[in-house]
Amino acid sequence: MNPETMHAVQLTGHGGLDRLVYRDDVPVPRPGEGQVLIRVAAAGMNNTDINTRIGWYSKAVRADTETGGAGGFQAVNDDDASWSGIPLEFPRIQGADVCGHIVMVGDGVDPARIGERVLVQTMQPLREVGPFHCITFGSECDGGFAQFAVAHSEFTHKVDCDWTDAELASMPCAYSTAENMLHRVQLGPERVLITGASGGVGSAAVQLARRRGATVTAVASKAKAGEVAALGADRVLDRNDDLVKALGRETVDVVVDLVGGAQWPGLLEVLCRGGRYVTAGAIAGPMAELDLRTLYLKDLTLFGSTWQDEGVFPDLVSYIENDEIRPLVARTYPLKDIATAQEDFLAKKHTGKLVLVPPDVVER
């Protein structure tokens, strides 16, 4: 029988690490119609967890994530501080990455699903609103930084593999974000440049681009070059390199950018004519200078990438089950140590994913 209360981390408002409150008396949620209750085995951490906590998505913020990562920002407009631009409801249990087992089902869900090992789809479409509208698990609803989580059965995917819980928990947000970026630009056996290649999404993009037959040039710190190369990058450039000097103008077919910031104009310079640029993040800063002449004279196409086509996550599950990719787990932490984990995340000394592990449900 499932307990009445659980251990969970509640985000109590936008701000510093002190806004993350670990509790052991949070009511265990109950699945409603079409929903399932998942006993969480592990939950990965992502940039979006920190960006949401500090209110980085607010248009009032113009700095990079690291600047406010520990203490938050002074100038945050709570009305637009979530990724969707809709005010968050607090307290909120974050955690977009959930690996676990179904332990209860709501009305309309086959009881045979109880016991399945599952991953929760991070980006969930709002079909009734229309294309490009969605919610993020752990943002518009409670997520996986807890012992239990409720999710819609439709977006809770059974997975059959021999991976560890931490490995599976590394997949949902980072790998679906990366796969969606490559899907959006229809990457084939071309030349691709990937920034932020040692992070969760970046390391996923390296592997997924290689899976598509692309020739991968990755950008990462010099200390992490070997690890990024081991993931499948053909060449690794230092993040402080002048990309135009290192690569030459018009030498890349596709840019997959997770960094933004001051290097942004150079990314368009290295793109060939007719090239495609796609972004799903801007950890080095959201503000960029665009010379419109570069855009139109080179016939470039720029893509933003958040909402995901409905085939992206099922495709990702098939890659897992066919053992076509394998995540790199840098470290795991007890759920209660989430503040330390986020400090380490912000320090960017790791390659791959950091994962939180909740206590066993019998530990009360």
Side-chain angles (χ1 to χ4, degrees), residues 5-29 38 40-58 61 63-78 81-84 86-100 120 122 135-150 166 169-170 172-174 199-200 283 330-350 353-361 363-364:
T5 60
M6 65 179 181
H7 294 237
V9 175
Q10 291 184 330
L11 178 66
T12 59
H14 297 297
L17 291 165
D18 61 309
R19 293 291 193 168
L20 297 170
V21 178
Y22 184 81
R23 297 180 56 178
D24 63 4
D25 60 351
V26 177
V28 172
I38 301 162
V40 178
M45 282 206 323
N46 298 280
N47 270 308
T48 189
D49 301 319
I50 295 172
N51 287 338
T52 296
R53 170 174 59 78
I54 64 179
W56 180 84
Y57 296 110
S58 172
V61 177
D64 58 88
T65 299
E66 185 178 355
T67 297
F73 291 104
Q74 289 293 324
V76 171
N77 180 358
D78 287 348
S82 73
W83 72 270
S84 66
I86 299 172
L88 285 187
E89 296 181 8
F90 298 106
R92 171 65 70 221
I93 298 173
Q94 294 182 279
D97 288 346
V98 171
C99 162
V120 178
T122 302
I135 67 166
T136 298
F137 195 67
S139 180
E140 286 66 48
C141 63
D142 284 341
F145 291 163
Q147 289 177 305
F148 293 91
V150 162
S170 298
C173 184
I283 60 172
R331 187 176 173 186
T332 63
Y333 301 77
L335 179 62
K336 65 181 177 63
D337 293 340
I338 186 171
T340 299
Q342 290 202 359
E343 288 173 338
D344 289 350
F345 190 98
L346 289 163
K348 300 297 181 187
K349 295 181 180 179
H350 64 284
K353 291 283 290 188
L354 303 182
V355 178
L356 296 168
V357 180
D360 187 86
V361 294
E363 297 180 5
R364 307 305 300 167

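Numbers for residues simply follow the sequence, beginning at 1.
- Shown here for A169 and A43, the closest heavy-atom pair between the two residues is CB-N, 3.8 Å.
- Between G95 and D49, the closest heavy-atom pair is N-OD1, 3.9 Å.
- The nearest pair of heavy atoms linking F137 to G143 is CE2-CA, 3.6 Å.
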Exercise. Please assess K353 against N46 for the test side-chain contact (heavy atoms from CB on, under 4.5 Å), listing each intermediate value before the final yes or no.
Key: CA-CA 8 Å; K353 291 283 290 188; N46 298 280; 2.6 Å; yes
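- Between the CD1 atom in I338 and the CG atom in L354 there is a gap of 11.5 Å [rounded to 0.5 Å].
- Between the CG atom in L20 and the CD atom in Q342 there is a gap of 5.0 Å [rounded to 0.5 Å].
- Listed for the T122 side chain is a donor-acceptor partner under 3.5 Å among the backbone atoms of A96.
- Rounded to the nearest 0.5 angstrom, M45 CE and T332 OG1 are separated by 11.5 Å.
- Defined by atom type and a distance below 3.5 Å, a donor-acceptor pair is present between the side-chain atoms of N51 and T65.
- With 3.5 Å as the limit, one finds a donor-acceptor pair spanning the side chains of D64 and T67.
- Annotation: side chain to side chain donor-acceptor pair (under 3.5 Å) contacts involving residues 8-20, sequence neighbours excluded, comprise Q10-R23.
- A distance of 4.0 Å separates CZ in R53 from CG in L17, rounded to the nearest 0.5 Å.
- Under the 4.5 Å side-chain criterion, counting only non-hydrogen atoms from C-beta, D142 is not in contact with P29.
- For the 3.5 Å distance criterion, the side chains of W83 and T48 fail to qualify, holding no donor opposite an acceptor.
- Residue E66 places its CD atom among 12 or fewer non-hydrogen atoms of other residues, nucleotides or ligands, all under 6.0 Å distant.
- L356 and A341 make their closest contact through CD2-CB, 3.9 Å (heavy atoms, listed as atom of the first residue, atom of the second, distance).
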Practice problem: Under the side-chain contact (heavy atoms from CB on, under 4.5 Å) rule, what do V76 and V61 come out as? Steps first, then yes or no, please. | Solution: CA-CA 6 Å; V76 171; V61 177; 4.0 Å; yes
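- Rounding to the nearest 0.5 Å gives a distance of 9.5 Å between CD of E89 and CD of E140.
- Applying the ring-ring contact (aromatic ring centres under 6.0 Å, His included) criterion to F345, with sequence neighbours excluded, gives H350.
- Of all the heavy atoms in A8 and I93, the pair that sits closest is CB-CD1, 3.9 Å.
- The closest side-chain donor-acceptor pair between Y57 and S84, if any, does not fall under 3.5 angstrom.
- Across all non-hydrogen atoms, the minimal contact from V40 to P358 is O-CG, 3.3 Å.
- Here the CG atom belonging to L11 is positioned 10.0 Å from the CZ atom belonging to F145, to the nearest 0.5 angstrom.
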Exercise. Take S170 and D97, measure what side-chain contact (heavy atoms from CB on, under 4.5 Å) needs, and give me the verdict at the end.
Key: CA-CA 7 Å; S170 298; D97 288 346; 6.0 Å; no
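- In this structure, Q147 contributes its side chain and M6 its backbone to no donor-acceptor pair below 3.5 Å.
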